[in-house]
Structure formats: structure tokens, C-alpha cells
Enquirer: 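Sending over a structure as C-alpha cells; questions will come in a sec.
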Amino acid sequence: MPGQSVGVVEAQRIHFSEPLHLRSGGVLPSYDLAVETYGTLNADKSNAILVCHALSGHHHVAGHYADQPHNIGWWDNIIGPGRPLDTDRFFVVGLNNPGGCHGSTGPSSVNPATGKPWGADFPIVAVSDWVNAQARLADVFGIDRWAAVMGGSLGGMQALRWTISYPERVRNALIIASAPKLTAQNIAFNDVARQAILTDPDFHGGHFYEHGTRPVRGLRLARMLGHITYLSDDQMGEKFGRELRNGSFSFDYDVEFEVESYLRYQGDKFAGYFDANTYLLMTKALDYFDPARLDDGDLVRTMARTHRDTNFFVASFTTDWRFSPARSREIVAALLANGRKVSYAEIDLNFGHDSFLMEDPQYHGLVAAFLGNIKS
Amino acid sequence: MTHTLGRPDFDVIAAWVEPGHRVLDLGCGDGALLKHLIDTRNVHGWGVDIEDANVLAAMRNGINVIQSNLENGLKDFADDAFDHVVLSRTLQTVRHTEGILREMLRVGREAVVSFPNFAYWRNLRSVLDGRMPVSEDLPYQWYDSPNVRFFTLLDFEALCEQMGLIIVERRVLDEAGEIVQAETARDLNFLGSLAVYRLTRPH
């Protein structure tokens, strides 16, 4: 692996006392954001990169905590000295979005109005709300314009939304394995995941905290389903095939095939720490995302709202069927129709939607080259 | 005369574009032509290439590059989006010749096409000697050549006529990259190694 990890990092919590008015009509009267930063913000504050997280991500993007050497950030392989997001040059900011469950204000936080966890009463948050919260975070750091805003999947939607909501505040945008809106199939997958949670008897209408339970069965199923859609058929075939754990059929419903073992493990692990209400919120934010609604569904007109000097890098992965290359190309076509400065790569990686988290010389080479073109 | 980056057709193309023009380069390679046009003519440029290594090299050159297969057309590009659409030494590698020419003049006001001329006398002599030509402008062996269409100046002009395309300008270069002067198209066809055409469509 070229370059190095950023090493030991620390998270911080930043309090925002000004209410955040949400697209759903709801309001967060005040809120905290969990944030990590890597590298050094330069004197004119022109070297900052915002990394937006996807469905299950958070602020711990790179490095590890001093007391948890194995708790490595979710996108560590792309951030650090000598890596594409070179922390010798850039100041990288990661955060946990409002509604999250990793330290930012979310459904498991206490609702100041009731003194009890928000639970299902936590207002629905949209991608545009997250971008507004991120803009306030930029203000805290004194960052007028991001050198780059970057994200994969739902994170890519935030990067895209930044260029529409705050065009003058984004010099470069990296929109990876993303889409201008979800397809019916994608919404369908999300709804099955939500139904698994909502129908779990331990969900208690979202107020499970008060009952001392967690809807782990629903959350586990939601994650298992999601996980299938993040991988490619070929990759699952190569990794698991029809391998049996015990070598022969046992003619019962216990774990037999290796793929079952893997999925159950992933589901159990996820259900052990993730908040069910946050999962519901994140999937709704995905479903609602459709910035072209600003312009009667015409994405070309919406992309006209972006800044003519913003450089875009849009990337997709050949085996990603959840956010297929065709979806990324819709963004590219709309940018091209406006004469925007855009590059697009279709990267041949075998890991399906999860490819965006993988390390690959072509993929990381392109990100490094794109960011390398940023003038100091 | 010395030529830009050893690519004499670049200078021909540079003379045809104006500052501020939008230029799309199909099969842009490492983006050298676009970089040249941006640096010397101050154009707005975009490149298209299918090869990973070329997309990476173009990105490193600071060029806007779209990874795409030309055989699938230019469906991501809107009508009249560009002043010039360039296809430099690439037409002979594309199967859907008519399709790509039509697409170029859909998305662009003008098309610039350069290609190696198979009727160049040295190429003809090579074939008469019993071997497929290998030259400055046809640098491949028959077994590793990306070329799938083999045609001459006269063939190309006949196709343009058949398709109703208008030839605005024509420059023919020899193997040294010097402009070839000749009385007739037949003579140019014999003396030219590389042809560069500026095309448009009837309005």
C-alpha cells in the first residue's frame, strides 16, 4: 500500500445551538456533530476536503484511536501522508451526520423537550439537511470554500448536493458510486430493509430504548439484505461458491453454506452496534434524494445551478448493480450539457457497490491525479 | 520545421480552433492534443477514451476526460454542445464509421478527422513487396494493430459525399509531417501519409 495511515486520531464533538430547520418541516433545536480531522488547515484555509459518509458510515474515516488500535477508519486506505487524500497537503474533515448513531445527535440522543431518547420522534433528515449542517461545520473551521467535497454512494449524493446548494463553496467534487436519485428497485430494497426493522416486535414503534430492548432481528435482516446488494454475483461466487461448512448437506435450517455463515456474521455484527432508527432515517434520506425536483425533474437544469469553475470527478464501478454506471452517467451527461468541467471513469473492480471502499491502483490513481490538479 | 510534440496534425488542428471554443477530442489518449489546444489556443476541452491508462494519463495532464466506448456513440453528449469534435488518428479503429461521423456532427458544429492514408505510395509499395505497411503513421504490425478499417483519402471523400457531409478544409501531410502540395486529389492520395479533414454538415 503506497503512503501511510494518519496513525492515531481523536474525535471531537462540536455543539451547534442554532436550530437546524429540516426539509421534512421538523426542527433540531440544537445538536452535536462528532467530527475528526486529519492534516493541517493552511493559513488561507484553502486546503480542506470534506469526506461525506454513506449509509452506515461516520466521522471515523481514517487512522485509529490510541486505545483502540484495531478500530481503523472506514476509508483509511485513501487518506494519509502519500495517499490520494494526502494529509501532508490537505486538511481532511469527516463527520457523523445528524441522525447518525456514532456521536452526533440522533434518535438515541435525548430529546430536550421530553428528557427521553428521541426514538421515532426524531425528525426525518434529508441529504440537503446534512449539507446545511456540514456548511455550518465549515463555518466553524472558517472554511469559505472546500478544496474538495467527496463521497461514495449516499456520500456521493451529499457531494453532488453541495455543488447545487452551495456552488460557490466547492472547488472540486468527487461523486463516486452514486446516483442522481434512486430507482424503484433501489427504493424497494430499502423498504424491505425498513419493514424488517419496523415489524420486529422489539422495535416498539421506534421507542425501544425505553423498553430496554433493541430490534436486533430486524436490523440483522436489513443488513443481510443490504449486504447482498453491495456485492457482485461474481465476487460472491468466487468468495463462497457453494462451499459447505461441514462438507455435506445436513438437511436442516442451520448454517450450511459458507455464504450463509458470512451474511449472518455480518448481520449480527452490524445489529450489535447500529441504531435501528438511524438505519430507517438513512434509507429514507436515500429514497428522497432527487435534486432535479427543484427543476421539474430536469437534471440538466439542476446542474446549471452548479458553479462553472467547479471541477467534477464522477466514478462508477463496472460490477456495481446497486448504483450502476448508467446512473453515474446521468450525472455526467447533465454536467456536460451545461459545459461543466467533468471527468468520468468507469472502474473495472469486482466488488460491486463496495468497490468504492477498495484499494485499486487505477481508482486511487485517478483520485490522486484529480486532487493533484488542485492549485494551492 | 519542428512540430508540436512530434504530432504535425496538432498544429493543423490548432489553426482551425478559436480561443474560447469548446473542443471534444474522441480517443484523446493522454490528452496531449487538448493540452496543446488549451495552452496555445485557450479552448475549453473534454476528452473521451476507453483505455484505463489513457484516462489516468489524461487526468494527470489536467484534462477533463470521460471514459467511454466510442462504438456506443456519444449519447452522453447533447446536440451542438461543441464547436469542434476531433477524431485524431482514431477513425480507422472504429467499426461504426458512419455512426461515429454522424454523431460527431450531431454534438459538434464541426468535425476534425485525421487518419493514416493507406494509399500513400510507401504503403502501396510495401504491399506490392508482399508485406503490410509499417510506417510513422501506421506504426503497428498487422497482428497487433488496433486498426479495423483500411481506407484512403479518396475513399473517405467518397463516403463524405455519400453521407452529405461538407469538407471545409483538407490538409495532407507526408511522413515527415510536412504539408503535401499537389494539383489533384489523386496526387495527394498518392503522396500523403496522414490526412486531416475539417467537416461540417449542411445547415
Enquirer: What's the separation between atom CZ in A:Phe370 and atom CG in B:Asn64, rounded to the nearest 0.5 Å?
Expert: 8.5 Å
Enquirer: Grab the two heavy atoms, one from B:Ile66 and one from A:Val332, that are nearest each other, plus how far apart they are.
Expert: CD1-CG1, 3.9 Å
Enquirer: Within a 6.0 Å radius of atom CD on B:Glu161, are there more than 12 heavy atoms belonging to other residues, nucleotides or ligands?
Expert: no
Enquirer: I'd like to know whether CZ of A:Arg305 has more than 12 heavy-atom contacts from other residues, nucleotides or ligands below 6.0 angstrom.
Expert: yes
Enquirer: In terms of heavy-atom pairs under 4.5 Å with chain B, which of A:Ser343, A:Ala315, A:Ala333, A:Ala345 leads?
Expert: A:Ser343
Enquirer: Does B:Arg149 CZ have over 12 foreign heavy atoms under 6.0 Å away?
Expert: yes
Enquirer: When rounded to the nearest 0.5 angstrom, what distance separates CD1 in B:Ile63 from NZ in A:Lys341?
Expert: 11.5 Å
Enquirer: Which atoms form the tightest heavy-atom contact between A:Asn373 and B:Arg60, and what is the distance?
Expert: OD1-O, 3.8 Å
Enquirer: Is it true that a side-chain atom of A:Glu346 and a backbone atom of B:Gln67 form a donor plus acceptor pair closer than 3.5 Å?
Expert: no
Enquirer: For the pair B:Trp46 (side chain) and A:Gly339 (backbone), establish whether a donor and an acceptor sit closer than 3.5 Å, ignoring hydrogens and angles.
Expert: no
Enquirer: Need one label for A:Phe313: side chain, backbone, both or neither, based on atoms under 4.5 Å from any heavy atom in chain B.
Expert: side chain
Enquirer: Using non-hydrogen atoms only, which part of B:Arg22 is less than 4.5 Å away from chain A: side chain, backbone, both, or neither?
Expert: side chain
Enquirer: Between B:Asp79, B:Leu56, B:Ile50, who has the most heavy-atom pairs with chain A when the cutoff is under 4.5 Å?
Expert: B:Leu56
Enquirer: Give the member of B:Ala78, B:Ala58, B:Ser68, B:Ala81 that has the highest number of heavy-atom pairs under 4.5 Å with chain A.
Expert: B:Ser68
